[in-house]
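Beneath this line is the structure, given in structure tokens, with notes to follow.
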Amino acid sequence: MNKTPNAERPTSNVERLEPSTLGVGRSALDVKRFLWRILDFALAGIFIYAGALKAIDPVQFASDIDNYKLLPWPLSVAIAFYLPWLEIFCALALVFRFLYRGALSILTASIVVFTLATIAAKVRGLDITCGCFGHASQNWSFPSHLATNLAILAGLLALLFKAMSQNRLQNAA
Amino acid sequence: MKSSLVAQAVILAALALLPAAGEAIYFRDKISWRSAIAPSEMVTAEQAREFGGTAIWVDARPDEDFAKDHVPGAILLNEDRWNELLPQFLAAWAPGKKTVVYCSSLSCNASREVARRLRKEAQLSDVFVLEGGWEAWLKKK
């Protein structure tokens, strides 16, 4: 019986797939990765912009934090100097995927705290002039503040859960 | 990097301290750690007295506190009746005058807000906040 060389060669599951199916699978994976990276860059861009705005004018930012009437003045000053740089460093970590999960957790925690502070200020009837974007967002309405924060939070949580599940898979392998 | 999430967060938090400390040193003359008012915008009771006749005293406390007692010659200008009281202050103000705003004590914010509005809305320069407010004035009286 004549056997063709192809018939004798063992084939893996991947090799048995139709070429067109394999192509679609790979490109879908690439598109997915590309979209996740876009989200990384978009959030990093937001935090670099927000951090830079506040780092340029820490005096104004300290005054903005003080408007929340939640912290003593010296602590507002310390946060005004520190928080913008923390945001910028975490944003750069998202871009370069270095200390990635740590950066995501810090940014998620900070946006949660900031959202709660915004809600608390609104409940107490304070006329706040501070937002994610420092004094630049002073004319935003409360719903705009809240919607922006929640959108950023959703993006960060999506990235964080993905990073955590990837990490679990890597540890299990 | 395979380090834990907490370790990564600690490294980032530590890294951010460096530029923050640098900025704090760079801005040391523009912001006070003790008070929300910049050192250049604040005067002590002694310094304010030295202004002599060039000073206009502005009382930013509520009406009833002003009615009880105030710095001699002070003009009432608080945020509660800002629009009503501002013309009275502007009538007394003249170019070259130094405005000294005070409220009850070191912890009150009214003088800071009134001073800020005078600079921003009335476009005035040489507006100062009295350090320690009315309490400091009484002690130095």
Do [X] and [Y] belong to the same hydrophobic cluster, where Ile, Leu, Val, Met, Phe, Trp and Tyr are linked whenever their side-chain heavy atoms lie under 4.5 Å apart, directly or via other members?
X       : Y       : answer
L153(A) : L94(A)  : yes
I111(A) : L43(A)  : yes
L39(A)  : V31(A)  : no
V127(B) : V100(B) : no
V114(B) : L124(B) : yes

Which region of [X], side chain (C-beta onward) or backbone (N, CA, C, O), has a non-hydrogen atom less than 4.5 Å from a non-hydrogen atom of chain B, or is it both or neither?
X       : answer
I106(A) : side chain
A78(A)  : both
I79(A)  : neither
A163(A) : neither
A93(A)  : side chain

Rounding to 0.5 Å, atoms CG (L92(A)) and CG (L12(B)) come to a distance of 9.5 Å
What distance do L5(B) atom CG and L160(A) atom CG have between them, rounded to the nearest 0.5 Å?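 Nearest 0.5 Å value for the CG-CG distance: 6.5 Å.
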Taking all heavy atoms of [X] and all of [Y], pick out the closest pair and write down the distance.
X      : Y       : result
P19(B) : W85(A)  : CB-CD2, 3.5 Å
D66(A) : R112(B) : OD2-NH1, 3.0 Å
Q8(B)  : L99(A)  : OE1-C, 3.1 Å

Check whether any side-chain heavy atom of I31(B) lies under 4.5 Å from a side-chain heavy atom of W73(A), and answer yes or no.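 SC-SC contact between I31(B) and W73(A) confirmed.
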For the pair Y82(A) (side chain) and A13(B) (backbone), establish whether a donor and an acceptor sit closer than 3.5 Å, ignoring hydrogens and angles.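 Yes, Y82(A) side chain to A13(B) backbone: donor-acceptor pair under 3.5 Å.
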